[in-house]
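Have a look at the structure below, then the notes.
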2 protein chains.
Amino acid sequence: MFSKACEYGIRAAIYIGQQSAELGRRVGLRDVAAEIDSPEAFTAKVLQQLVRAGLLTSVKGPTGGFELTAQQLATVTLRQIVVAIDGGDMLQGCALGLPQCSAQQPCPLHYQFLPIRDQLNEVLRTHTIGELAGKVHDGLGFLKQFT
Amino acid sequence: MFSKACEYGIRAAIYIGQQSAELGRRVGLRDVAAEIDSPEAFTAKVLQQLVRAGLLTSVKGPTGGFELTAQQLATVTLRQIVVAIDGGDMLQGCALGLPQCSAQQPCPLHYQFLPIRDQLNEVLRTHTIGELAGKVHDGLGFLKQFT
DNA sequence: TTTTTACCGGACAATTTTATCCGGTATTCA
DNA sequence: TGAATACCGGATAAAATTGTCCGGTAAAAA
Ligand code: FES
Ligand code: FES
């Protein structure tokens, strides 16, 4: 579905968002990688992408780390993260890989896949990081497997 | 969504199925690759996978090529092709990459993604190659872009 | 039987994705 | 000011995916 980079990016953003929202504190890379169970250096690259895209904030030096501002918590959507990392192909492209998806020359699956893709877009578009972070805080969602 | 190999495999199977159903003739690799606009040698690898999985039939020598029997046309589903090439991860795995998707420890997107994944499974499970081949024959579906 | 056709199988190569390492820079704190 | 902290950026490497090449095998036709 999503690339590994995108999976890490989403999980990281939600974790950082939860810490920002509930505890008002920044979290370091080491902490993030441990809490979402991802490779540290690779996660750093993904977070840098998100920072450059303006979807989360970073601060250098001691007491530094990553955080989501109140504004980011309320407005950054899953879709923005997915687009920033994976691009829009999965959100617009043809399921069978035709160079473009359109009703002009639809692939044999076009009309079956449209509602699925629309629903995916809807989910990604209507959920903010703050909202998902709330679920984690309430114990309704997990970002790694606890044995 | 799907891997390139899987996209080629689905398009190829539909094209071969259409030729088998409507014209009762086998098609060669060169023909397949041209009609679905895919790299020839790579497509050969994918077709070999599908033959080994019993989802389509190949015949060597002159007048040989690939075909779908009447039984295969009526019973082989998209899901079988996807599973044979990409495996079942996209059909069962967690959207955020957790090692397993379950309501025991759901990721924050679990309940939003379940209906999407269910609908995807339903589409793949309920459409046979013969059915999709019919759309191509009727001009309702395309397997490559005509300019 | 010989030749030709076309799939099969394995090795190989290019590209993309995933992952690591390390020095540089900015920031905090003593 | 100096030292420690932690993100930044580029280079590098490993792995997976995508793509190619070529000789081998089976089958049909001459
Ligand atoms: S043309 Fe294939 S999904 Fe629209
Ligand atoms: S646990 Fe993530 S989709 Fe089910």
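Within every chain, numbering begins at 1; the chains are lettered A, B, ... in the order of the sequence lines, protein sequences first and strands thereafter. Values reported hereafter were calculated over all heavy atoms of this structure, with side chains retained and with hydrogens, waters and symmetry mates removed.
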Practice problem: Establish, with yes or no, whether the OP1 or OP2 oxygen of D/dC8 is under 4.0 angstrom from a side-chain nitrogen or oxygen of A/S58. | Solution: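 Indeed, a polar side-chain atom of A/S58 lies that close.
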
Quiz item: Phosphate oxygens OP1/OP2 of C/dT18: is one of them under 4.0 Å from a side-chain N or O of A/Y8?
Solution: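 It does not, given that no N or O in the side chain of A/Y8 lies less than 4.0 Å from OP1 or OP2 of C/dT18.
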
Practice problem: Kindly say whether A/L78 contributes a backbone atom to a donor-acceptor pair with the side chain of A/R125 at under 3.5 angstrom? | Solution: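 Such a contact is absent between A/R125 side chain and A/L78 backbone.
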
Can you check the [X] [atom1] to [N] [atom2] distance for me, whole Å?
X     : N      : atom1 : atom2 : value
A/K60 : D/dG9  : NZ    : P     : 7 Å
A/E40 : C/dT18 : CD    : P     : 19 Å
A/E7  : C/dA19 : CD    : P     : 10 Å
B/D31 : C/dT5  : CG    : P     : 16 Å
B/K45 : D/dA16 : NZ    : P     : 19 Å
A/Q49 : C/dA19 : CD    : P     : 14 Å
B/L29 : D/dG19 : CG    : C1'   : 13 Å
B/D89 : D/dA16 : CG    : C1'   : 14 Å

Quiz prompt | Position toward the 5' end of DNA chain D (nearest nucleotide), B/T63 or A/G65 | solution =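 The residue closer to the strand's 5' end, by nearest nucleotide, is A/G65.
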
Quiz item: With nearest nucleotides of DNA chain C determined for A/P62 and A/P39 from heavy-atom distances, which residue corresponds to the more 5′ nucleotide?
Solution: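 The residue mapped nearer the 5' terminus is A/P39.
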
Quiz item: Pick the nucleotide of DNA chain C nearest each of A/S3 and A/R26; which residue has the one closer to the 5' end?
Solution: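 Closest to the 5' end, via its nearest nucleotide, is A/S3.
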
Quiz item: Roughly how far apart are B/Q19 CD and B/L68 CG, rounded to 0.5 Å?
Solution: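 Rounded to the nearest 0.5 Å, the CD-CG separation comes to 11.5 Å.
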
Quiz prompt | Point-to-point distance, once rounded to the nearest 0.5 Å, from OG of A/S38 to OH of A/Y15 | solution =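 That separation rounds to 11.5 Å.
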
Quiz prompt | Connected via hydrophobic side-chain network under 4.5 Å: A/V59 and A/L73 | solution =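 A/V59 does not cluster with A/L73.
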
Quiz prompt | same_hphob_cluster(A/L91, A/M1) at 4.5 Å side-chain heavy-atom cutoff | solution =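 Yes, it is one cluster - the side chains of A/L91 and A/M1 are joined through contacts under 4.5 Å.
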
Quiz item: Among the nucleotides C/dC8, D/dC21, D/dC8, which one has an atom lying closest to any side-chain atom of B/A41?
Solution: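 Looking only at side-chain atoms, B/A41 lies closest to D/dC21.
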
Self-check item: Per A/K4 side chain, nearest of listed nucleotides D/dC7, D/dG19, C/dA19
Solution: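 That would be C/dA19.
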
Quiz item: Base, sugar-phosphate alone, or nothing: which one does A/L47 contact when heavy atoms must sit under 4.0 Å apart?
Solution: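 The answer is nothing, as A/L47 stays clear of every strand by at least 4.0 Å.
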
Quiz item: Which is true for A/R52 with a 4.0 Å heavy-atom rule: it touches a base, it touches only sugar-phosphate, or it touches nothing?
Solution: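 Since only primed, P, OP1 and OP2 atoms lie under 4.0 Å of A/R52, the category is sugar-phosphate.
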
